[in-house]
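I'd like to ask some things about the structure below.
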Amino acid sequence: TATPNAKAITVAAGAEIPVTGNGYVALNIAESETELTNVLPVPTFTGQELTIFADTVGAGGSRAITVASAINAAGNNVITFDAAGEMIILRGVKAGETFAWHVVVNDGASLSTSGG
């Protein structure tokens with residue numbers, strides 16, 4: 001189902017993704033872009049939803065997003081996009097006093113773990 005009040009979130013390559021509400025990020029990845037990483041802070045409320053997808057990807061390009069918390073039981077916190085159409089939907093959850101993103105849907109994005 002569609003997320004109510006989802007807004008387009010514009011973020012430059014290498015910048016932090018703002019997480020003030022529900023939204024979506026359309027990545028436009030340049031040809032041979034591989035060094036730029038966006039940072040995704042923890043969600044600001046339970047049930048918050050964020051969709052991130054690769055809108056366009058130039059030849060040889062990829063973009064990694066480093067998340068401030070693990071996004072699945074395996075402890076992954078890096079999402080990498082390298083083909084147009086790859087997407088992930090994340091939902092905010094709360095355990096005790098800590099917020100974190102959890103994967104709802106992943107279609108093609110690669111997940112890995114970075115110590116930060």
Legend entry - Residue list, side-chain hydrogen bond (donor to acceptor under 3.5 Å, both in side chains) with Thr46, at least two apart or on another chain: none

Legend entry - Residue pair Thr37 / Ile65, side-chain heavy-atom distance below 4.5 Å: no

Inset, instruction - Establish whether Val78 and Ile89 are linked, either directly or via other cluster members, by ILVMFWY side-chain heavy-atom contacts under 4.5 Å. - result: no

Legend entry - Donor-acceptor pair, side chain of Asn38 and main chain of Ala15, under 3.5 angstrom: yes

Inset, instruction - Quick one: closest heavy-atom pair of Pro43 and Gly92, and the distance? - result: CG-CA, 3.6 Å

Inset, instruction - Sorted by first residue and then second, give each salt bridge (Lys or Arg N to Asp or Glu O under 4.0 Å) pair with at least one member in residues 50-68; sequence neighbours left out. - result: Glu33-Arg63

Legend entry - Any side-chain heavy-atom pair of Ile9 and Pro18 under 4.5 Å: yes

Inset, instruction - Give a yes or no on whether Leu90 and Val39 share a hydrophobic cluster (residues Ile, Leu, Val, Met, Phe, Trp, Tyr; joining criterion: side-chain heavy atoms under 4.5 Å apart). - result: no

Inset, instruction - Check the side chains of Asn28 and Thr56 for a donor-acceptor pair under 3.5 angstrom, ignoring hydrogens and angles. - result: yes

Legend entry - Neighbour count above 12 (heavy atom, 6.0 Å) for Tyr24 OH: no

Inset, instruction - Name all residues meeting the side-chain contact (heavy atoms from CB on, under 4.5 Å) criterion together with Asn106; count only those two or more places apart in sequence or in a different chain, and write none if there are none. - result: Ile88, Val103, Ala109, Leu111

Legend entry - Heavy-atom check, side chain of Leu50 versus side chain of Leu40, under 4.5 Å: yes

Legend entry - In one Ile/Leu/Val/Met/Phe/Trp/Tyr side-chain cluster, 4.5 Å: Ile17, Phe99: no

Inset, instruction - Using side-chain contact (heavy atoms from CB on, under 4.5 Å) as the criterion, list what pairs up with Pro41, not counting sequence neighbours. - result: Glu16, Val19

Inset, instruction - Kindly indicate whether the side chain of Ile71, heavy atoms from C-beta on, has any atom under 4.5 Å from the side chain of Asn77. - result: no

Legend entry - Ile29 CD1 to Asp82 CG distance, which is reported to the nearest 0.5 Å: 8.0 Å

Inset, instruction - May I have all residue pairs that pass side-chain hydrogen bond (donor to acceptor under 3.5 Å, both in side chains) and include part of residues 94-103, sequence neighbours excluded? - result: none

Inset, instruction - Could you go through the side chain to side chain contact (heavy atoms under 4.5 Å, CB included) check for Ile52 and Phe81 one step at a time? - result: CA-CA 9 Å; Ile52 306 170; Phe81 299 88; 3.6 Å; yes

Inset, instruction - Could you tell me which residues satisfy side-chain hydrogen bond (donor to acceptor under 3.5 Å, both in side chains) with Thr44, sequence neighbours excluded, listed by chain and number? - result: Gln48

Legend entry - For the student: nearest non-hydrogen atoms of Thr80 and Ala64, plus distance: OG1-CB, 3.9 Å

Inset, instruction - Return the set of residues passing side-chain contact (heavy atoms from CB on, under 4.5 Å) with Ala70 (not counting sequence neighbours), or none when no residue passes. - result: none

Inset, instruction - Check side-chain contact (heavy atoms from CB on, under 4.5 Å) between Ser69 and all other residues, then give those that pass, not counting sequence neighbours. - result: Val42, Val67, Ala100

